[in-house]
Amino acid sequence: MPELPEVETSRRGIEPHLVGNVIQYAEVRNSRLRWPVSEQIMKLSERPVLSVQRRAKYLLLELPEGWIIIHLGMSGSLRILLDELPPEKHDHVDLVMADGKILRYTDPRRFGSWLWSDNLNECSVLAHLGPEPLSDLFDGEYIYTLSRNKKTAIKSWLMDNKVVVGVGNIYANEALFVAHILPERPVHSLTEQEAHLLSDTIKQILRRSIEQGGTTLKDFLQSDGKPGYFAQELFVYGKKGELCSVCGEAIESVKLGQRSTFFCRNCQH
DNA sequence: AGAACGCCCTGAATGC
DNA sequence: TGCATTCAGGGCGTTC
């Protein structure tokens with residue numbers, strides 16, 4: 001399940017193969033993703049890629065007339081093929097480049113999307129997103145100020161894209177463990193000190209995970225086909241019933257806002 | 001207005 | 001062994 005570090009890992013993997021290269025055409029074998037693949041993408045021809053950027057969990061390929069906006073959804077991944085390779089069942093989209101390389105999109109669950117935007121400022125999926133977690137806009141003061149008078153559970157609040165982008169279930173669980181904060185607490189109960197600790201922790205964990213090439217769970221692979229290594233460093237995510245590696249208490253699991261939530265009652269308060 | 005829930009989809013895991 | 005059921009999840013749309 002690609003979260004921000006996985007998307008950033010993918011971005012870094014594909015960027016050097018695409019920037020300065022030219023898309024010859026897009027081969028869309030199955031356009032039925034989260035939304036239908038945009039017509040402008042189906043009809044692409046002979047367009048140079050000017051940049052490969054990321055906003056939240058969206059990858060943005062800049063072309064002269066607009067942007068290809070890719071979301072990996074739950075199970076999407078991107079690979080660079082140096083030569084042709086017969087597509088398999090879940091290989092839904094290829095961008096065939098002028099030098100023979102192919103950007104191949106694989107997505108068994110088809111929760112991802114390939115959209116076109118003429119103008120990013122008018123793009124509906126990007127319009128209402130909160131700040132990037134690794135930017136200076138996201139800090140303890142931001143969390144503290146925005147969280148006053150709100151009684152939502154802290155963890156659900158962190159996963160709200162209007163609050164901050166790119167913090168999904170894995171990293172919300174991990175960050176709250178490292179910051180010693182119980183996920184169920186109402187967000188208004190955060191102290192100023194905890195708010196600062198939380199923003200610092202989120203940044204630290206995301207940076208560390210990007211260094212490790214993301215978290216490989218299920219089928220996530222980096223664009224070179226190698227797995228990410230951050231899964232080895234998880235403290236609580238997916239560890240219900242296992243013993244906390246810090247104190248030895250059993251990791252508990254509850255549902256918060258329909259999402260699996262893992263924590264150590266001894267380490268988090 | 002803000003919060004909660006349903007839905008899209010398929011593979012892996014679990015249950016009988 | 002094999003079939004049926006359950007679960008996972010990001011984010012938009014709808015409902016309360």
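Proteins come first, then strands; the chains are lettered A, B, ... in the order of their sequence lines, and each starts at number 1. Keep in mind it's a predicted model, so treat the numbers as computed, not measured.
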Could you pick out which residue, A/H90 or A/R34, lies toward the 5' side of DNA chain B when each is mapped onto its nearest nucleotide? A/R34

Rounded distance in Å - CD1 (A/I69) to P (C/dC12): 12 Å

Within the structure shown, what part of the strands sits under 4.0 Å from A/W35 by heavy-atom distance: base, sugar-phosphate, or nothing? sugar-phosphate

Start with the C-alpha distance between A/I205 and A/T201, add both sets of side-chain angles, then the distance that settles side-chain contact (heavy atoms from CB on, under 4.5 Å), and finish with yes or no. CA-CA 6 Å; A/I205 287 179; A/T201 303; 3.9 Å; yes

Check the distance between B/dC7's C1' and A/F111's CZ and give it to me in whole angstrom. 8 Å

Which residues satisfy the salt bridge (charged side-chain N to carboxylate O under 4.0 Å, His left out) test with A/E62, sequence neighbours excluded? none

Nearest listed nucleotide, side chain of A/Y237, among B/dA3, C/dG9, C/dC12: C/dG9

So A/K162, base contact, sugar-phosphate only, or nothing? Heavy-atom distance under 4.0 Å. nothing

Below 4.0 Å: OP1/OP2 of B/dG6 and any side-chain N or O of A/Q258: yes

Any A/K89 side-chain N or O less than 4.0 Å from OP1/OP2 of B/dG11: yes

Considering only NZ, NE, NH1 and NH2 on the basic side and carboxylate oxygens on the acidic side, decide whether A/R79 and A/D94 come within less than 4.0 Å. no

For a quick check of understanding: with a heavy-atom distance under 4.0 Å over all strands, which category does A/R110 fall into, base, sugar-phosphate or nothing? sugar-phosphate

Tell me what A/S156 touches on the nucleic acid: a base, only sugar-phosphate, or nothing, going by heavy atoms under 4.0 Å. nothing

Between A/S260 and C/dG9, does any side-chain N or O lie under 4.0 Å from OP1 or OP2? yes

Quick one: is C/dA8 close enough that its OP1 or OP2 comes under 4.0 Å of any side-chain N or O from A/K255? yes

Would you say C/dG9 has OP1 or OP2 under 4.0 Å from some side-chain N or O of A/Y171? no

Run A/D139 and A/D200 through side-chain contact (heavy atoms from CB on, under 4.5 Å) and show every step you take. CA-CA 7 Å; A/D139 60 11; A/D200 288 348; over 6 Å; no

Would you classify A/N161 as touching base, sugar-phosphate or nothing, given that sugar-phosphate means primed atoms plus P, OP1 and OP2, and contacts are heavy atoms under 4.0 Å? sugar-phosphate

So does A/H128 get a side-chain nitrogen or oxygen closer than 4.0 Å to the phosphate oxygens (OP1/OP2) of C/dG11? no

OP1, OP2 of C/dG11 versus side-chain N and O of A/H71: anything below 4.0 Å? yes

Minimum-distance nucleotide (side-chain atoms of A/P108 versus C/dG11, B/dG6, B/dG11): B/dG11

Rounded to the nearest Å, what distance is computed from the CD1 atom of residue A/I154 to the P atom of nucleotide B/dA3? 14 Å

Side-chain N or O of A/R109 versus OP1/OP2 of C/dG9: is the shortest distance under 4.0 Å? no

Cation-pi geometry met for A/R265 and A/F263 (6.0 Å, 45°): no

Between P on C/dC7 and CZ on A/R259, what's the gap in Å once rounded to a whole number? 14 Å

